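Have a look at the structure below, then the notes.
Naming: A, B, ... by sequence-line order, numbering from 1 per chain. No hydrogens, no waters, no symmetry mates; every other heavy atom, side chains included, goes into these values. All of these numbers come straight from a predicted model, not from anything done at the bench.
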Amino acid sequence: MKFKAAAAWPRALCAEPSGWPANRARGISAKSSTSYNRPSKNQESPRHTDVYQKLQKRFDQHLRSVLAAKYDLQLDSIPLEIPPDLKFGELATPIAFELARKLRKAPKIIAQEIVAALAGLEGFAGFEVAGAGYINARLNRAAGVRATAAMEAGIHAATGIHALVEHTSINPNKAAHIGHLRNAILGDTFVRLLRAAGQKVDVQNYIDNTGVQVADVVVGFLHLEGKSLADARLLLSELKTKGQRIDYYCWDLYARTSQWYTSGSAEENEARKKLRYVTLHELERGGSETAEIAELISTAVLRRHLETMLRLDIEYDFLPRESEILHLKFWEAAFEKLKQKGVLYYENEGKNKGCWVMTRPGAEIAEGDLNEDAKVIVRSNGTVTYVGKDIAYHLWKFGLLGKDFGYKPFFSYPGHECWISTEKGEEPHPQFGGAQAIYNVIDARQSDPQANVIQALRGMGYTDQADRYTHFSYEMVALTPRCAVELGYDISEEDLKRPYIEVSGRKGFGVKADDLIDKLIAATRAEVDARQTGGAEAEAARPRIAEQIAIGALRYFMLKFTRNSVIAFDFKDALSFEGETGPYIQYAVVRARNIFRKAATTPKAVLAEFSELAGFDTYLEGDAAEDIWALWLRAARRTLVLEQCIATSEPAHLAKHAFQLAQEFNNFYHKHHILTEENPARKTFLLATAAVALRELVLALSWLGIESPEAM
RNA sequence: GCGCCCGUAGCUCAGCUGGAUAGAGCGACUGGCUACGAACCAGUAGGUCGGGAGUUCGACUCUCUCCGGGCGCACCA
């Protein structure tokens, strides 16, 4: 079997390459005082800042005042860094190197002068010069620990920012696969991060229910299987009684139909393709039996997608559908505006003659010259392209269209309702759209169309909105050749030599999301049973625990890679529970909880007691205490990491942070036996250390969408 | 042809606005459980950061160039 790059997938389908889209840089360009605190232009930093950030800011301001007083310098940015080793302190700046030329002095001399002037600063133990001119700051450890212990576990104050995240957006014509999982997990995690930072976030899952992909599966029902609308209804109820999945059924049918288009004689193939477009147009128009079959099937598949994602704790607020974008004439409204603002122009000559086109971003065309490279938005037959519809949709997202969807409830979650678009909606309904910042979790292969949409907004004069439009792009999930062979696919010699093989819904080539989840749960269940997790009496809790661990493993696996690295999927890696994995972190949580259980106390009680404790300074000094201090220090960097993740749209940083925290805790756990500690003050201190590690681990995991089991 | 991404230890990947001796996991080899549960910990081996040039006090990080791999560049979505 050969796999060629699939052409034409709607956004949902493609899982893929990165590409920092042109707009990215703009979103995070705002300069602020320090390098660690760079909220993007459209983000306010959380009002609740962690201990490390507070000290960092204090150090930064102190440095500024010293530089102003001593050298009459006003710098707009002072570089601050986390030293590579605790022996260099906890905060550092190489500012002296930068000033060397300006002040015509050696960096070391400058550093010495600055350090002499720094004197005392609350929260700091001292400053010193190191190396060729670094200025290192040492924290007052006891004060840092006390402040960190007192950090609240809670949610940050509201910032007033209303953001909209679009993710998942799978074509409703087949089962979700691992590529879709990466999309949904990245998107859902980012939503959690924005919410943790105090933003109001709406989660949208765009449903292309009238596209070619749905048309293809409808062609399969009608022409390969000879099914009518009644037959389709019957099939759905049959599958339901047999406990089978319609999305799985469509997975195979879609692959068969795709093959069918090219498996006949030349005339046959042409006739079949024609059938495809006739069907597509029927779906777009609506009101026919064909359209009704499409509606029936795509809605059933959509429900399956929501169920699959719910297994991963992923929920949505609103499902805008393409059918409403068409029928409610969103495009017509957008078209008028685009013409008015001169973003679109009618092409009178060249290959795009008769089309309405727009200039691509970055194109430099002299006035009056023919631009054959322009992007076609309205075809010469009068129909609108994908990018055109997307422009209309994005005008709506920012509240700039002057039109709205109808809404009706579609899917109920324990805490809230997910709404879907409809022509004539119900009242009352929640307000969607009109966001201040939007994030589109869409694979990197769609950088170009995304850039076109942004370009259109900018061209219309909506530059603020264009600046707050983030294409949250990520690379595809592919299969390793070994994995493909394992799954029983027939792989060509050529493909066997490749590092990875692209998943293809059209070919039916890939790993289905539910299959992977089932497999993971079975594997964790076996572990949990083998370990007698929770003891003999806890047997009833094991299925739930196995599920928590399985989901933790899966979510962490999808989040540990940075977005623009291709994930070459392999069961061996995905089913691993050791090392840098979700279960490793969960295990650290369970260990911490067990300490409190055995000690018959709670983290809250311990922290209350610790707040009264004096004289624990000595436990933070000496070589043996370095690892304990390192643990506290990392725990103190909660919002620093959160802000970094938001500013760079990169949840992987938090995944790494959680892992390192767990690693340091495990190390601490091994070296310092708490329950047998005889010195009561020291015991309280060690318990407080465990309490803070536990608090931060549970919080970080929750931001990653991973639960913390009671036992494992 | 144009554009984007990737190339860091045997494998899979981190490495923040350029900064102090390049890190982790897995795998390999050693050692540690009558236990705050070993889904763990400690140690050893392993890298000319694809090659070359440049900018800089300083380059894995920025620029140029070459090599290798992937992906875009439709009147498809």
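Put simply, N594(A) has a side-chain N or O that comes within less than 4.0 Å of OP1 or OP2 on G37(B). Regarding contacts with the backbone of A42(B), every side-chain N or O of K671(A) stays at 4.0 angstrom or more from both OP1 and OP2. The shortest distance between the side-chain N/O atoms of H653(A) and the OP1/OP2 oxygens of G15(B) is below 4.0 Å. Contact check, N667(A) against A42(B): a side-chain N or O comes under 4.0 Å of OP1 or OP2. Contact check, N564(A) against C5(B): no side-chain N or O comes under 4.0 Å of OP1 or OP2. Residue Y500(A) has no polar side-chain atom (N or O) positioned under 4.0 Å from OP1 or OP2 of C11(B).
Between the CD atom of Q660(A) and the P atom of C16(B) there is a distance of 13 Å, given to the nearest Å. Separating the CG atom of D373(A) from the C1' atom of G1(B) is a distance of 12 Å, rounded to the nearest angstrom. C16(B) atom C1' lies 14 Å from atom NE2 of H657(A), rounded to whole Å. One atom, CZ of R563(A), and another, C1' of C6(B), lie 15 Å apart when rounded to the nearest Å. Between E475(A) atom CD and G70(B) atom C1' there is a gap of 8 Å when expressed in whole angstrom units. A38(B) atom P lies 4 Å from atom OH of Y587(A), rounded to whole Å. To the nearest angstrom, P of U17(B) lies 14 Å from CG of L640(A). If you take CZ of R445(A) and C1' of G3(B), they are 17 Å apart, rounded to a whole angstrom.
Rounded to the nearest Å, the gap between the C1' atom of G27(B) and that of U44(B) is 14 Å. When the P atom is compared between G23(B) and G31(B), the two are found 27 Å apart, to the nearest whole Å. Across the P atoms, C6(B) and U61(B) are found 13 Å apart, a figure rounded to whole Å. Taking the C1' atoms as reference points, U8(B) lies 15 Å from G25(B), given to the whole Å. Comparing the C1' positions of A9(B) and C5(B) gives a spacing of 23 Å, expressed to the nearest Å. The separation of A74(B) from C11(B), taken at their C1' atoms, amounts to 40 Å, rounded to a whole angstrom. The P atoms of C29(B) and G72(B) are separated by 42 Å, rounded to the nearest whole Å. Across U63(B) and U55(B), the matching P atoms stand 15 Å from one another, rounded to whole Å.
Pair check for A24(B) finds U12(B); Watson-Crick or G-U wobble, both atom distances under 3.5 Å. Nucleotide U17(B) forms no Watson-Crick or G-U wobble pair with any nucleotide shown, as no partner meets the under 3.5 Å limit on both distances. When both distances must be under 3.5 Å, the Watson-Crick or G-U wobble mate of C2(B) is G72(B). Pair assignment for C60(B) gives none, since no Watson-Crick or G-U wobble pairing has each distance under 3.5 Å. Summarising the base pairing, U48(B) is matched to no nucleotide, lacking a Watson-Crick or G-U wobble pair whose two defining distances lie under 3.5 Å. Nucleotide A42(B) forms a Watson-Crick or G-U wobble pair with U30(B), both donor-acceptor distances falling under 3.5 Å.
The two residues S708(A) and V589(A) have their closest heavy-atom pair at CB-CG1, 3.8 Å.
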Could you run down the sub-3.5 Å N/O contacts of the protein with nucleotides 20-27 of chain B?
{"unit_1": "A20(B)", "atom_1": "O4'", "unit_2": "Y134(A)", "atom_2": "OH", "d": "3.3"}
{"unit_1": "A20(B)", "atom_1": "N6", "unit_2": "N136(A)", "atom_2": "OD1", "d": "2.8"}
{"unit_1": "A20(B)", "atom_1": "N1", "unit_2": "N136(A)", "atom_2": "OD1", "d": "3.1"}
{"unit_1": "A20(B)", "atom_1": "N1", "unit_2": "N136(A)", "atom_2": "ND2", "d": "3.1"}
{"unit_1": "A24(B)", "atom_1": "O3'", "unit_2": "Q663(A)", "atom_2": "NE2", "d": "3.3"}
{"unit_1": "G25(B)", "atom_1": "OP1", "unit_2": "Q663(A)", "atom_2": "NE2", "d": "3.2"}
{"unit_1": "G25(B)", "atom_1": "O2'", "unit_2": "E580(A)", "atom_2": "N", "d": "3.3"}

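Of the candidates G70(B), C75(B), C13(B), C13(B) carries the atom nearest the F561(A) side chain, counting heavy atoms from C-beta on. Closest contact between the side chain of E502(A) and the listed nucleotides C71(B), C40(B), G69(B) involves C71(B). Side-chain atoms of R591(A) lie closest to C40(B) of the nucleotides C40(B), C71(B), A74(B).
Counting non-hydrogen atoms under 4.0 angstrom, T533(A) reaches a base of the nucleic acid. At a threshold of 4.0 angstrom between heavy atoms, the contacts of S380(A) include nucleobase atoms, whether or not backbone atoms are also involved. Among the atoms of the strands shown, base atoms are found under 4.0 Å from some heavy atom of I549(A). At the heavy-atom level, F577(A) lies under 4.0 Å from base atoms of the strands shown. Within 4.0 Å (heavy atoms only), K683(A) reaches no atom of the nucleic acid at all. Among the heavy atoms of the strands lying under 4.0 Å from H672(A) is at least one base atom, whether or not backbone atoms are also near. Here G534(A) lies in heavy-atom contact (under 4.0 Å) with a base.
To the nearest 0.5 angstrom, E347(A) atom CD is 8.5 Å from C355(A) atom SG. Here the straight-line distance linking atom CD1 of I501(A) with atom CZ of R482(A) works out to 12.5 Å at 0.5 Å rounding. Here CG of L697(A) is found 4.5 Å from CG of L661(A). Values are rounded to the nearest 0.5 Å.
Aromatic ring centroids of Y584(A) and F659(A) lie under 6.0 Å apart. A centroid separation of less than 6.0 Å is found between the aromatic rings of F59(A) and F127(A). For Y206(A) and Y393(A), the distance between ring centers is under 6.0 angstrom.
Side chain of R360(A) to main chain of A451(A): no donor-acceptor pair is present (N/O by atom type, distance under 3.5 Å, no hydrogens or angles). The closest donor-acceptor contact from the side chain of H471(A) to the backbone of I442(A) lies under 3.5 Å.
For R634(A) and E664(A), the salt-bridge test passes: some basic side-chain N is under 4.0 Å from an acidic carboxylate O.
When side chains are defined from C-beta on, V590(A) does not count as touching E710(A), because their heavy atoms never get closer than 4.5 Å.
Looking at S565(A), its side chain has no donor and acceptor atom pair within 3.5 Å of the base of C6(B).
For the residue pair E282(A) / Y277(A), no side-chain donor-acceptor distance below 3.5 Å is found, with atom types taken as modelled. N209(A) and S323(A) share a donor-acceptor pair across their side chains, judged by distance under 3.5 Å alone.
Remark: V528(A), R531(A) in residues 523-531 of chain A come within less than 4.0 Å of RNA chain B through at least one heavy atom.
Nearest-nucleotide mapping onto RNA chain B: of T383(A) and P583(A), the residue sitting toward the 5' end is P583(A).
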